[in-house]
Amino acid sequence: MEPSKVPEPFLKPYNPAQQEPKMLALWEKSGYANPDVCIEKGITKADAEPYSIVLPPPNVTGTLHMGHAAMLAIEDILIRYHRMRGYKTLWLPGTDSAAIATQSKVETDIYKAEKKTRHDLGREELMKRIDAFVEESKATIINQTKKMGSSLDWSRYAYTMDDKRYAAVMEAFVRMYDAGLIYRGDRIVNWDPKLQTTVSDDEIEYVEQKDAFYHFKYGPFDIGTVRPETKFGDKYVVMHPDDARYKEYTHGQTIELEWINGPITATIIKDAAADMAFGSGAMTITPAHSGIDFEIASRHKLDIERVIDDRGILLDIAGEFKGQHIKKARPLIVEKLRAKGLIAKVDEGYVHNVATNSRGGGIIEPQIKRQWFIDVNKEVKFPDGTTSLKQKMREAVSSGDTKIMPERFEKIYYHWIDNLRDWCISRQIWFGHRIPAWFKGDEVKVSIESPGDGWVQDEDTLDTWFSSGLWTFSTLGWPEETADLKTYHPTTVLETGYDILFFWVARMILMSTFLRGEVPFKNVYLHGLVRDGQGRKMSKSLGNIIDPLTMIEKYGADAARLSLIIGASMGNDVKLSEDRVRGYKHFANKLWNITRFVLENTEGLTLDDGFDDRNEFDSALREERRATFEEVTKHIDTFRLDLAADKLYHYIWDRFADEIIEDSKRVFKDGSEDEKKRRRMFLLYTLDWILKGLHPFMPFVTEAIWQQLPKKESDLLMVAKWPV
RNA sequence: GGGCGGUUAGCUCAGUUGGUAGAGCAAUCGCUUUACACGCGAAAGGUCACAGGUUCGAGUCCUGUACCGCCCACCA
């Protein structure tokens with residue numbers, strides 16, 4: 001007896017764990033993720049329109065979480081779809097060194113194991129340890145990324161700290177310095193006493209905190225503060241010029257008064273920065289440890305004296321409190337002021353914001369430091385005219401060259417730019433791109449190579465976002481004018497979470513507009529954060545983390561992907577529960593069984609078996625199918641992947657399986673021979689369409705089915721033609 | 001203090017130029033129907049946050065209110 005033509009695997013439920021590794025191997029072997037291979041094999045036309053996405057590089061030291069999974073799913077859908085549509089499609093992978101995060105992780109590990117600090121080890125040894133750690137953990141994230149089915153071109157893989165990217169960073173720094181966009185200056189910066197480094201404004205996270213609010217008697221004035229420990233050097237009292245309460249005081253007038261450590265001479269300063277509505281309207285200033293105070297002091301050329309050192313220890317100016325840590329000193333200082341009768345009032349439980357370093361650091365202490373900055377307001381020569389970085393960043397979006405989706409984020413972007421101040425790019429950590437600046441006495445030179453004997457390189461490294469800002473073009477070979485750069489830049493889409501709009505998206509626009517004279521990407525697609533079923537952030541402490549790898553093992557990568565796509569509208573957070581993932585596993589199995597039915601009923605037939613689409617019996621069915629797929633196509637083209645996937649899901653399950661297949665059973669039983677034949681062809685054709693249409697969303701199960709088909713247009717579904 | 005988003009079935013969410021409410025999951029009832037129990041069929045479930053307004057007609061547009069969430073901001 002002739003064996004059944006239905007391939008054996010279909011006799012059992014779909015088993016993703018068994019099929020997925022095989023499909024991965026097939027894809028990898030084909031090399032089709034590399035557009036050059038597709039051109040070589042005649043799959044893509046050499047002059048086809050390019051479509052490119054550069055993968056937001058995950059941190060080398062991390063593991064894959066649902067946020068990555070969502071990102072990979074969305075980008076892979078866009079990539080696979082465009083590849084099938086014949087675009088010259090490139091999805092470029094990479095990993096990020098994540099300077100501060102990585103170094104502090106390694107330092108913590110070393111301290112735990114050996115009770116040694118980085119200073120015990122020295123720069124060279126620490127770097128060796130970090131490199132070893134990075135090498136080891138890099139493989140993890142890369143491996144996990146592959147498991148999602150991501151059709152990335154690994155032949156173009158880049159790492160932020162590899163030689164090419166390092167060279168690009170150096171080149172960028174020197175060019176920006178030569179253009180006058182990078183300068184070195186003494187300014188108030190955000191100092192993290194715990195990590196012993198500066199951090200940028202964007203890395204600050206304000207945490208609400210309750211503290212006592214003290215009203216001190218400062219001569220005749222009532223001045224308020226939550227930080228008595230900064231007040232030692234306060235010798236200026238500032239009030240608004242229009243404040244009627246202080247009419248009798250004149251700018252520059254001096255007053256003798258009793259202060260923490262004895263009598264001092266205070267000077268009256270009239271400045272509009274003082275808020276008449278707040279407290280008494282009078283305030284003293286601590287220019288060395290407050291941004292606004294520093295500005296006031298600079299405006300009036302006042303003395304600036306440090307009170308607190310880099311580790312939070314009080315300096316000489318604190319007199320008897322010298323050498324104490326600010327945290328311990330505060331109550332003692334309050335006690336002394338109380339004893340001297342200088343406390344007017346104490347408001348307990350005053351709620352205010354405290355600046356912390358969001359990268360796992362400590363409470364920020366503003367300090368005046370000599371650092372490297374990018375000037376965002378300076379007018380310089382761009383490839384296309386003279387303007388400022390700020391202006392350029394604004395124009396990139398307002399001109400429409402870069403489109404941000406969802407659109408509401410454009411407003412947020414503009415608002416951020418309007419408030420943007422010079423970007424402090426130097427860090428006092430060791431792991432990162434070393435600043436190409438050289439010192440000899442008071443002389444400073446900026447160059448990639450050492451200027452010669454006696455020149456010592458700057459110890460500092462660059463903010464990790466400096467190198468990330470170059471990512472769209474450093475990965476394509478810049479500063480060399482490579483073929484890739486010409487073909488794929490500006491990239492088509494930058495897809496990432498809305499939480500790094502400022503950190504990264506804005507910085508890429510900054511770098512690309514200056515260094516390339518073009519935007520880094522034409523579209524920015526922002527996805528939401530993945531939260532748990534109740535909308536909470538996933539975190540270890542809540543124990544509500546859904547691990548993508550566990551989901552892949554239990555339900556398959558296709559199900560994991562779909563659960564992150566359907567019901568996830570652009571820019572909105574996704575609430576994910578395991579039930580949803582399970583639901584889509586069932587869908588994969590449904591597809592599997594649909595195939596079984598179709599194959600069982602179309603034995604011996606193939607698509608080119610003398611029937612073309614127009615010969616099919618029921619034109620209404622064909623029209624419906626065409627309309628459905630056109631709609632799916634339109635949704636993908638407008639980045640509504642959720643609607644596209646939803647549309648396919650319901651067409652396949654509710655319409656095709658539940659109605660058309662059911663009706664076909666009647667046809668096959670009672671219909672005429674002609675009717676049967678036409679229905680068979682319709683089923684076969686529709687299966688073909690479904691597999692192609694669903695492939696970007698569920699690449700594994702569709703490819704696994706494709707591989708079992710008796711005759712097909714291409715060896716891999718991955719490079720089959722999109723049906724409409 | 002500014003700005004943004006959300007409020008639709010028990011839960012999570014769709015609803016694309018305004019035309020008598022939809023899906024998934026859960027819950028109910030019935031099905032070993034020869035593709036699939038990871039299934040099929042049936043039934044149930046909502047004053048679309050609230051109050052006004054525009055309109056023949058509003059979940060959909062306008063105004064305001066409430067609550068939830070997020071982002072930004074140098075109020076000492």
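As a basis for the values below, the full set of heavy atoms in this structure was taken, side chains included, without hydrogen atoms, waters or symmetry mates. Letters A, B, ... are given to chains in the order of the sequence lines, protein chains preceding strands, and every chain is numbered from 1.
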Novice: Is there a donor-acceptor contact under 3.5 Å from the side chain of A/Y498 to the main chain of A/P406?
Specialist: no

Novice: Rounded to the nearest 0.5 Å, what separates atom OH in A/Y214 from atom OG1 in A/T225?
Specialist: 9.5 Å

Novice: Does NZ or CZ of A/R680 fall inside the cone over A/F668's six-membered ring, less than 6.0 Å from its centre and within 45° of the axis?
Specialist: yes

Novice: For A/E208 and B/C70, what is the distance between atoms CD and P respectively, to the nearest whole Å?
Specialist: 11 Å

Novice: Roughly how many Å apart are B/G15 and B/C48, using the C1' atom of each and rounding to a whole number?
Specialist: 11 Å

Novice: Using the P atom on both, measure B/A9 against B/C62 and round to a whole Å.
Specialist: 22 Å

Novice: Rounded to the Å, how far apart are A/L501 CG and B/G5 P?
Specialist: 15 Å

Novice: A/D579 CG to B/C11 P: how many Å, rounded?
Specialist: 15 Å

Novice: I'd like the C1' distance from B/G3 over to B/A49, given in whole Å.
Specialist: 22 Å

Novice: Can you measure from CG (A/L648) to CH2 (A/W689) and round to the nearest 0.5 angstrom?
Specialist: 11.5 Å

Novice: Between the side chains of A/D637 and A/K634, is the shortest nitrogen-to-carboxylate-oxygen separation below 4.0 Å, so that they form an ion pair?
Specialist: no

Novice: With sequence neighbours excluded, what pairs up with A/E631 under the side-chain contact (heavy atoms from CB on, under 4.5 Å) test?
Specialist: A/H635, A/K647

Novice: Judged by atom type as modelled, is there a donor-acceptor pair below 3.5 Å linking the side chain of A/N419 to the main-chain atoms of A/H415?
Specialist: yes

Novice: Using atom P in both nucleotides, what's the gap between B/A35 and B/U20 to the nearest angstrom?
Specialist: 38 Å

Novice: Around atom NZ of A/K403, are there more than 12 heavy atoms of other residues, nucleotides or ligands at under 6.0 Å?
Specialist: no

Novice: State plainly whether the residues A/K235 and A/E305 are in salt-bridge range, i.e. N to O under 4.0 Å.
Specialist: no

Novice: Rounded to whole angstrom, note down the P distance from B/A21 over to B/G45.
Specialist: 14 Å

Novice: Could you tell me how far apart A/I566 (CD1) and B/C25 (P) are, to the nearest whole angstrom?
Specialist: 11 Å

Novice: Using 30° and 60° as the class limits, which term best fits the ring planes of A/F656 and A/F682: parallel, tilted or perpendicular?
Specialist: tilted

Novice: Note every stem involving RNA chain B: at least three consecutive Watson-Crick or G-U wobble pairs, i with j then i+1 with j-1, with both distances under 3.5 Å.
Specialist: B:1-7 with B:66-72, B:10-13 with B:22-25, B:28-31 with B:39-42, B:49-53 with B:61-65

Novice: Quick one, give me the B/S/- string for nucleotides 27-45 of chain B, reading 5' to 3', where B means a protein heavy atom under 4.0 Å from the base and S means that only happens at the primed atoms, P, OP1 or OP2.
Specialist: --------BB-BSSS----

Novice: Given 3.5 Å as the limit, does a donor-acceptor pair link the side chain of A/S358 with the main chain of A/E203, or not?
Specialist: yes

Novice: For A/M405 and B/C4, give me the distance from atom CE to atom P, rounded to whole Å.
Specialist: 21 Å

Novice: Considering only NZ, NE, NH1 and NH2 on the basic side and carboxylate oxygens on the acidic side, decide whether A/K345 and A/D222 come within less than 4.0 Å.
Specialist: no

Novice: Sequence neighbours left out, what passes ring-ring contact (aromatic ring centres under 6.0 Å, His included) with A/H300? Give chain and number order.
Specialist: A/H251

Novice: Please report, rounded to the nearest Å, how far the P atom of B/G24 is from the CG atom of A/D646.
Specialist: 9 Å

Novice: Between the side chains of A/D202 and A/W416, does any donor sit under 3.5 Å from an acceptor?
Specialist: yes

Novice: Roughly how far apart, to the nearest Å, are B/A43 and B/U7 at atom P?
Specialist: 30 Å

Novice: Please state the P separation for the pair B/G5 and B/C61 - nearest whole angstrom.
Specialist: 12 Å

Novice: What N/O pairs connect the protein and nucleotides 15-18 of chain B at under 3.5 Å? Give each pair on its own line.
Specialist:
from: B/G15; atom 1: OP1; to: A/R640; atom 2: NH2; distance (Å): 3.2

Novice: With a 3.5 Å cut-off and no angle check, do the side chains of A/E624 and A/Y651 form a donor-acceptor pair?
Specialist: no

Novice: Given the C1' atoms of B/A14 and B/G52, what is the spacing between them in whole Å?
Specialist: 28 Å

Novice: Taking protein heavy atoms under 4.0 Å as touching, what does nucleotides 71-76 of chain B look like 5' to 3' if B marks base contact, S marks sugar-phosphate-only contact and - marks none?
Specialist: -SBBBB

Novice: CZ of A/R580 versus C1' of B/U12: gap in Å, rounded?
Specialist: 7 Å

